[in-house]
Each structure stands twice: as C-alpha cells, then as structure tokens.
Amino acid sequence: MAGGCRGPHGRCRPVAPRAGRPHGAGKTSIGRRVSKALGIDFIDTDTAVQREHGPIEQIFQTHGEAAFRAWERAAVREALSRGDVVVSLGGGAVLDADTRADLAECRVVMLTVDPRVVAGRIHGTTRPLLAGEDPLVRWRRIWQERRSLYESVADITIDTSTGHLQHVVDEIATWARREPEPTEPRDPEKEQS
Ligand SMILES: Nc1ncnc2c1ncn2[C@@H]1O[C@H](COP(=O)(O)OP(=O)(O)O)[C@@H](O)[C@H]1O
Ligand SMILES: O=C(O)C1=C[C@@H](OP(=O)(O)O)[C@@H](O)[C@H](O)C1
Ligand SMILES: [Mg+2]
C-alpha cells in the first residue's frame with residue numbers, strides 16, 4: 001500500500017495508522033474496513049491491550065489509567081513496527097510523546113465527528129473516560145484537551161459525521177494507494193549533509 005512508517009525499530013515500514021477524535025469517531029470500525037479494502041492486516045491497539053490484560057474498564061478500575069497508558073504504548077510500538085498494516089489507535093494514544101514521534105513517520109488519518117452525531121455513537125458506552133452522568137460533556141472536554149495533539153500528527157482529516165461509513169473507507173483507501181511509500185529507511189547522516 002502507499003505511504004509508510006519508519007517504525008520504532010528504525011526500519012522502513014509501510015503502515016496507515018489513524019488517530020482521531022476521542023471515542024466514536026470511527027477509528028476501529030473504519031480502520032478494519034480500510035485494511036480489508038487494501039488487503040492488509042489490521043490491528044486495533046485496544047484489542048491488543050485487552051488480549052493481554054483484560055477488559056479496558058477493568059484495567060482502569062484495578063490498575064489505573066497510568067498502567068493502561070503504559071500497556072497501550074507497548075501495543076502501539078509493536079503495531080507500528082509491523083509491515084503493511086492498518087492500525088487503529090485508542091483516542092488517548094497521542095498523549096504519549098514517543099507515540100507522537102513514531103506517528104510523525106507514518107501516514108496518519110484523523111477522523112472527526114460532530115458532537116451532535118457522536119452522542120448516538122457513545123450512548124451506553126463502557127469506555128471508562130466517558131463513564132458518569134454525561135458522557136458527551138466529558139467527550140467535549142477530552143476533545144478540547146487533545147485537539148492540538150491530534151492535529152499535530154495528522155496527515156489528512158476526514159469527517160465521519162454524515163454519509164455512509166463505506167464512503168469514508170473508500171476515501172481513505174484511495175488516499176493510501178496514492179500516497180508514495182518510502183522505500184528505504186531514513187539515513188540520518190545523509191539528511192545532515
Ligand atoms: N459514518 C460513520 N463513520 C464512522 N462510524 C460510524 C458511522 N456511522 C455509524 N458509525 C458507528 O459509530 C461507531 C464508531 O465507533 P468506533 O469505530 O468504535 O469508534 P472509535 O474507535 O473511534 O471509538 C460504530 O458503531 C460505527 O458503526
Ligand atoms: O480516549 C481515550 O483515552 C480512550 C479511548 C478508547 O479507545 P477509542 O478511542 O477507540 O474509544 C480506549 O483506548 C480507552 O477507553 C481510552
Ligand atoms: Mg476504537
């Protein structure tokens with residue numbers, strides 16, 4: 001596929017991860033479909049964390065957010081070090097500076113969604129950071145806190161508020177095929193000269 005990421009191990013790795021607005025922007029559902037459209041593997045980093053450590057809400061309850069972030073970072077690092085793969089990140093993955101540095105070398109799609117639309121998508125959610133009386137108030141606050149981080153890592157931004165999910169998938173797949181893939185790992189010495 002087009003584009004590429006020099007992953008945490010310094011090797012040239014084609015990849016199309018996506019950051020996005022917090023919760024409900026469609027990172028997981030769209031990422032999975034994009035990987036199918038491109039015929040490559042898909043990794044959702046939340047799924048990877050849960051496979052090793054159990055349900056996210058239980059991780060937050062038992063071990064706290066810091067432990068989740070450390071396990072999330074390990075999952076992101078591992079996912080971005082893979083070959084052709086679409087990676088869906090959890091909405092808070094960009095809080096980690098090392099992850100942001102890794103993403104600077106990847107093609108990153110930022111998915112946005114209007115707050116009026118996301119209300120329906122996060123209704124009844126078990127996501128711990130949205131737990132409480134008004135998930136939408138929390139969602140808006142998280143968006144304001146993280147917005148600049150999302151924007152700092154994104155190569156393109158696509159809104160998922162209207163239209164069919166498959167249209168977004170097609171748009172991303174077309175973009176990914178068009179984007180040039182780096183063919184060699186970056187050579188820092190050459191870049192300095
Ligand atoms: N146009 C759309 N784009 C993205 N998601 C949509 C769309 N329409 C409905 N949805 C639904 O919204 C939800 C998005 O949740 P999810 O993919 O888990 O988001 P995230 O991983 O960003 O939290 C899914 O249930 C998805 O089916
Ligand atoms: O925004 C966040 O901090 C989180 C987002 C979640 O993923 P989604 O963005 O896929 O819901 C999940 O990683 C965890 O609940 C924390
Ligand atoms: Mg998700």
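Treat the numbers as computed from the prediction; the structure is a model and nothing was measured. Whatever order the structure lists them in is the order used to number ligands and atoms, beginning at 1. Counting from 1, the numbers follow the sequence of the chain as shown.
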Legend entry - Whether R32 side chain and F42 backbone form a donor-acceptor pair below 3.5 Å: no
Legend entry - Close approach, G163 and ligand 1, non-hydrogen under 4.0 angstrom: yes
Legend entry - Flag, side chain of R33 to backbone of S29, donor-acceptor distance under 3.5 Å: yes
Inset, instruction - Kindly say whether V153 contributes a backbone atom to a donor-acceptor pair with the side chain of R100 at under 3.5 angstrom? - result: no
Legend entry - Heteroatom proximity flag, G24 to ligand 1, N/O under 3.5 Å: yes
Inset, instruction - Answer with yes or no whether R127 contacts ligand 1, where contact means a heavy atom under 4.0 Å from a ligand atom. - result: yes
Inset, instruction - Look only at interatomic distance and state if G24 has a nitrogen or oxygen under 3.5 Å from any nitrogen or oxygen of ligand 2. - result: no
Legend entry - Stepwise side-chain contact (heavy atoms from CB on, under 4.5 Å) test for L89 and V76: CA-CA 7 Å; L89 301 170; V76 170; 3.8 Å; yes
Inset, instruction - Ignoring hydrogens, just give me the one of V169, V113, T160, T125 whose non-hydrogen atom is nearest atom 1 (N) of ligand 1. - result: T160
Legend entry - N/O separation below 3.5 Å, G92 to ligand 2: yes
Inset, instruction - May I ask you to identify, for R146, whether its side chain, its backbone, both or neither come under 4.0 Å of ligand 2 on a heavy-atom basis? - result: side chain
Inset, instruction - Work out whether the distance between some heavy atom of I30 and some atom of ligand 1 is less than 4.0 Å. - result: yes
Legend entry - Geometric N/O contact T28 with ligand 1, under 3.5 angstrom: yes
Inset, instruction - For ligand 1, indicate whether the residue K27 contacts it via side chain, backbone, both or neither (heavy-atom separation under 4.0 Å). - result: both
Inset, instruction - Could you list the atoms of ligand 2 found under 4.0 angstrom from a heavy atom of R69? - result: 2 (C), 3 (O)
